Number of protein chains: 2
Amino acid sequence: MGFIIYALSLSIFIYGAVRMKRRPTQLDVATLAGVSPGIVSTIINNRTNGNIRISEATQQRVLDAIKELGYVPNPVARSLAGGQNRLLGVFTYEALFPLEYRNFYYEFLIGIEKEAEIQDYNLLFFTRRQGTQKRVIYQNGVNSLQLADGAILLGLGTDREELARLNNEGYPFVFIGRREIKNGQISYVAADYKRATREIVEYTINKGHRRLALVQGSLRAEPQLDKQAGYCDATALNGLNESLAEIHYKENDQITVEWLKMLFDKGVTAFIVESTSEAKRLAAVAAQLGKHAPADFSYAILGDPMNLEEIIPDATTYRTPRQEMGAQAVRLLCEILTAGGEIEPRQVILPCHFQPGNTVGAPSHPA
Amino acid sequence: MGFIIYALSLSIFIYGAVRMKRRPTQLDVATLAGVSPGIVSTIINNRTNGNIRISEATQQRVLDAIKELGYVPNPVARSLAGGQNRLLGVFTYEALFPLEYRNFYYEFLIGIEKEAEIQDYNLLFFTRRQGTQKRVIYQNGVNSLQLADGAILLGLGTDREELARLNNEGYPFVFIGRREIKNGQISYVAADYKRATREIVEYTINKGHRRLALVQGSLRAEPQLDKQAGYCDATALNGLNESLAEIHYKENDQITVEWLKMLFDKGVTAFIVESTSEAKRLAAVAAQLGKHAPADFSYAILGDPMNLEEIIPDATTYRTPRQEMGAQAVRLLCEILTAGGEIEPRQVILPCHFQPGNTVGAPSHPA
DNA sequence: TAATTTTGATAAAGCGCAATATCAAATGGG
DNA sequence: CCCATTTGATATTGCGCTTTATCAAAATTA
């Protein structure tokens, strides 16, 4: 039954031109209203509905005190007391806003932002490197993502070891793009490259082409494997054996006149090209041979251009639903968070959208 | 002289396949390392340099424990305890990743990210709306930016009241773009629209044009005012009075054939157009009159295109140094933060880069 | 009137960390 | 060998809030 006097001392520091007032706290409000601190919290959060009751009079006094002091709850203290911080992390191994891939990444971010807004989360972009050379999740063994309630990962370069460790640790995260790890499954949202590729290859075959070539870079990660699988499916199902459906690994600078001439001489009429930059190179080299698409040969591109400069208008290609992927990833992450861990890793595959374009036509000399 | 046993109970819940550990705290680390909690904090923050000393051995044990548990300091608790959290906020009143302005915003973000990485800060993008209709800084009186040590603000729509309040409160922030408030000054990093506009107008005049028209939208914020000021400076300095240097406020749909014909009849030979979208509209309407730039008339654009679709190749224009602005804003904010409030608001003005292009030529019938 | 319920409030613990005051043991000087 | 100093650690407080346990007084019931 002790009397406690809550001292009120809103000290004001003068720093040059900027007044740095100590912000009033619940204690200040409580003191002014002549009540105990807890009750202020109760009123502010409308927790008066449950079995906690506060008289109208007290309520009014507290509200008046709040107004008089200009009291504003400290969000930091709030989230500390509350447990979560409603922060979703976003992590990439490369730049979050890359110049070279600007067109590609931006769409994901649009989707992520939209859905984060809907789910009422803030976004924490991990840009700190803390002295390390490249970005890593584990900084001298420390999982830096823990700063957020959960995280969205995306990007090309991926450290599988870190992913596996993250998974093991039970940290809630979702990858944008298919990523597989040893001894387990992670949650991801991916585009159905395999099916999209199969469709676009079948489209090409249906145009009359009987001799195709797949041109891929040297990188052999999940997306590339999926595209290859789709290519193989489509060609095999349509009775094209391996000699009629070649596979080539070529970097841009390896797409030479000699090489292309060789393929033309072999009778290849259609090229399935992994990326726009390779397609541009292919078209340029073909032009040196006096050949132009779709009259003299055909080509289709497996997926979107990575930046603005390389866009080929009206290319035959398919679009990855990147906005939707970003949004889905956030949604999935939120489900995982609300489930509080009682959930198996889940994979979401979204369809791509075929775009006919005009770089695939009928073969000039049908087989 | 009491013995306190710090209990270690990193409870591990088994939820289906995923183990959800409670995030380790300093207490957990301390227990594992066999030291008191405070010492962990001391080590983490490198406070060992002052008069506080910790033996190598203990230090190593603590670091090992941190690594083993995957401990990461809770930023919320940190900032509550008075420290900082190495979080820079990024706030816009509209979408952070807008579709319509994708090209424009992205550059700022590139600069922000790069510099944040250099300064070793993470980025907190404020996307929560907490039930409100549009984004606001003060959510029922709460300054939601307080979650971060400081913030970068950008974007078109700006609530001056909120800016003023933020400033008054002493919250550290930097605006990207010039923004003025009543009774005070805020820190910002802006492009020198006034000078750039003056230069481009003088360039046009030097080509021989003696009768110009400035075409702006109805929005009258700082950037628009700066451009107008530059236009007026240039024309006045070159002896063009108001009837020779008209000013028109026209939305896109108000740029009609009749209106344009009237200007042509008056003898206007060059248009200074505020934005790319208006320039496109202008060129299209002029084409209906059989006139084309730069042969029949000239036009210059005041600043960058807002999105990819509207780009006019080879337009006479100037480029805003958006990457540099983003980076500078972060740098300025960091200075403010390290100064700890004992600093006056500071304004940084960066020059734009003139691009000659080919939409401004000599007038067809010189005055 | 005494026992019970309802009403309206208080006291206190805890969130995770930083910072400071305190303290015991080891070391060194005279 | 005793006292002062240095070294290396501990105990404690407070940041501002939420939440729960507790409690006194008023209202209701038996």
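Model, not experiment: these values are computed from the prediction. Numbered from 1 within each chain, the chains take letters A, B, ... in sequence-line order.
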_Using whole Å, what does the distance between atom C1' of nucleotide C/dT6 and atom CZ of A/R53 come to?_
6 Å
_Contacts of A/T42 that satisfy side-chain hydrogen bond (donor to acceptor under 3.5 Å, both in side chains) - sequence neighbours left out_ = none
*Expressed in angstrom and rounded to an integer, what is the separation of A/I43 atom CD1 from D/dC17 atom P?*
14 Å
Atom pairs, N/O to N/O, protein against nucleotides 19-22 of chain C, distance under 3.5 Å?
from	atom 1	to	atom 2	distance (Å)
C/dA19	OP2	B/R47	NE	2.9

*Taking all non-hydrogen atoms of both residues into account, name the closest pair between B/Y93 and B/V136 and its distance.*
CE2-CA, 4.4 Å
*Shortest non-hydrogen contact from A/I186 to A/P345?*
C-CB, 3.9 Å
_Using the side chain to side chain contact (heavy atoms under 4.5 Å, CB included) criterion, which residues pair with B/R86? Sequence neighbours excluded._
A/R128, B/D120, B/Y121
*Considering only heavy atoms from C-beta outward, does the side chain of B/V174 approach that of B/L153 to under 4.5 Å?*
no
*If each of A/I54 and B/V40 is mapped to the nucleotide of DNA chain C with the nearest heavy atom, which maps nearer the 5' terminus, i.e. the 5' end?*
A/I54
*Residues of residues 55-63 of chain A with any non-hydrogen atom less than 4.0 angstrom from an atom of DNA chain C: list those, numerically ordered, please.*
A/S55, A/T58
*Between the two ends of the helix from C/dT1-D/dA30 to C/dG30-D/dC1, what is the bend in degrees, rounded to 10 degrees, where each end axis spans five pairs?*
60°
_Side-chain N,O (B/R78) to OP1/OP2 (C/dA18) below 4.0 Å_ = yes
*With a 6.0 Å cut-off on ring centres, are A/F97 and A/Y105 close enough?*
no
*asked:* Could you tell me how far apart B/L147 (CG) and D/dG16 (C1') are, to the nearest whole angstrom?
replied: 14 Å
*For B/A81, check side chain to side chain contact (heavy atoms under 4.5 Å, CB included) against everything at least two apart and list the hits.*
none
*Would you mind reading off the distance between B/L27 atom CG and C/dG14 atom P, rounded to a whole angstrom?*
12 Å
*What nucleic acid atoms does B/L80 come within less than 4.0 Å of, heavy atoms only: base, sugar-phosphate, or nothing?*
base
*asked:* For a quick check under 3.5 Å, do A/Q119 and A/E115 share a side-chain donor-acceptor pair by atom type?
replied: yes
*Please determine if B/E113 and A/R135 form a salt bridge, counting it only when a charged side-chain N lies under 4.0 Å from a carboxylate O.*
yes
*OP1 or OP2 of D/dT10 under 4.0 Å from side-chain N/O of B/S36*: yes
*Compare the minimum distances between each of C/dG8, D/dT10, D/dC17 and the side chain of B/V35, then state the nucleotide with the smallest one.*
D/dT10
*asked:* Both conditions, 6.0 Å and 45 degrees, for the charged tip of B/R165 above the ring of B/Y138: are they met here?
replied: yes
*Spacing between B/D28 atom CG and C/dC15 atom P, to the nearest angstrom*: 11 Å
*asked:* Can you see whether B/R346 engages B/S187 through a side-chain donor-acceptor pair at a distance of less than 3.5 angstrom?
replied: no
*By nearest nucleotide on DNA chain D, pick out whichever of A/I44 and B/A77 is the more 5' one.*
B/A77
*Nucleotide nearest A/Q26 (side chain, heavy atoms from C-beta), chosen from D/dT10, D/dT18, D/dG16*: D/dT18
*Rounded to whole angstroms, how far apart are CD1 on A/I66 and P on D/dC17?*
10 Å
*asked:* In the structure I gave you, are the side-chain heavy atoms of B/C334 and B/T338 within less than 4.5 Å of one another anywhere?
replied: no
